[in-house]
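Here the structure is laid out as structure tokens; the discussion comes afterwards.
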Amino acid sequence: MKLIDSYGRKINYLRLSVTDRCNMRCRYCVPVEGVSKLHRRDILSYDQLYRIARTAVDIGIEKIRITGGEPLVRKGLSGFIARLSGMQGLKQLVLTTNGLHLEEMADELKSAGVQRLNISLDSLKGEVFSKITRGGYLSRVLSGIAAAEKAGFPIKINMVVMRGVNDAEVVDFTSLAIRKPYTIRFIEYMPAIKEKNWQSLIVPCQEILTRIGNRYNCTPISRSELAGPAREYLIDGGIGKIGVISPVSGHFCGNCNRIRVTSTGVAKGCLFSSEETDLKPFLGVKCTSSLLEALRGIVTSKPDMHQITACHADHAPFDMASVGG
Ligand code: SAM
């Protein structure tokens, strides 16, 4: 079954957040004053999350990404993933993590059925990393990445590039993809929380590619149907790949194939749209058809594109951890 939105886009990808809690407080994700935690009773149970995932797959979703907050801080995650991984019709089950708990959890996530990991890593320098994440330990994340590689995961590393913060490391990250079989993806900073002078932090992807191209020869790779928004490249002499994701300078909205559901059961068709539907009223055993219609409604009301530009954003600030970035 195909799920097509009002602009003819095939929607086949659900980002499912299992928690708003996170063990880092990245400066681009959470405002400096912090955010109040949601009450536990508002967070969906695994049964409720499963019901949403099942219904989404029934109407055409083929790929689910488990996200958060930090998904690995929620107890019982591997059991939930094992249930999802047996779901008929689901072609890809992947997870995004900051890697802090990966060293101890990589093997169990692999056995549970996670097919691929995206790991956030914004600096290879301990001090810079600690500043960006407001206290995260780089060595633990690096051990987590090594454990994930050992467990047999294909690994994607996401770096949010910020001018004057970590952009000087773009070439260092690229050389990681020369030595390791990783896909390193450079993501343009998005003004989700609208921190002061956010415009100055954005490094357009074209500039990132130029800096890399001055050092390495890169060849574009064609995009698969279930792929995310990255444009990916092989690098001469490398065993890994690089990719760029340009949510601001090069809207990829025309290719957007995703919807999101937060850990409290709020469905969104676009990160920057205020349009959302609370799925909680539709999670009872007898509500299958109304849940199905609510999810279809989110797809139908997906906007054609977001309105963020490199100098202007008129959305209400939000923290990615609670929306499920
Ligand atoms: N805790 C997990 C992690 O760190 O990957 C999952 C949640 S995190 C919100 C998901 C992704 O959103 C991360 O790759 C993070 O870098 C990205 N992200 C969050 N805020 C962002 C922003 N303002 N601009 C660009 N990417 C952002």
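Remember, it's 1-based here, ligands and their atoms both numbered in the order they're listed.
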Just heavy atoms, cut-off under 4.0 Å: does M24 contact ligand 1 by side chain, backbone, both, or neither? neither
Taking side-chain contact (heavy atoms from CB on, under 4.5 Å) as the definition, give me every residue that meets it alongside V73, ordered by chain and number, with sequence neighbours left out. T19, R21, N23, E70, H101
Could you label the plane-to-plane angle of the F173 and F186 rings as parallel, tilted or perpendicular, counting under 30° as parallel and over 60° as perpendicular? perpendicular
Begin from the C-alpha positions of R51 and D47 and carry the test salt bridge (Lys or Arg N to Asp or Glu O under 4.0 Å) through to its verdict. CA-CA 6 Å; R51 190 177 292 270; D47 281 344; over 6 Å; no
Establish, from distance only, whether the side-chain atoms of Y189 and E195 form a donor-acceptor pair under 3.5 Å. yes
I want to know if ligand 1 touches T96 in the polar sense, i.e. an N/O pair below 3.5 angstrom. no
Location of contacts on T97 toward ligand 1, heavy atoms closer than 4.0 Å: backbone
Note: ligand 1 atoms sitting under 4.0 Å from heavy atoms of S120 are 3 (C), 4 (O), 5 (O), 13 (C), 14 (O), 16 (O)
I want to know if ligand 1 touches I187 in the polar sense, i.e. an N/O pair below 3.5 angstrom. no
Identify whether the distance between the nearest side-chain nitrogen and carboxylate oxygen of E149 and K180 falls below 4.0 Å. yes
Close approach of G69 to ligand 1, heavy atoms, under 4.0 angstrom: yes
Would you call R211-D167 a salt bridge at under 4.0 Å N-O? yes
Carboxylate-amine/guanidinium contact E207 R163, below 4.0 Å: yes
Closer than 4.0 Å to some heavy atom of E188 - which atoms of ligand 1 meet that? 25 (C)
Within-cut-off N or O pair, D122 and ligand 1, under 3.5 Å: no
Could you list which atoms of ligand 1 come closer than 4.0 Å to a heavy atom of N158? 14 (O)
Heavy-atom distances under 4.0 Å are what count here, so tell me which part of T67 touches ligand 1: side chain, backbone, both or neither. side chain
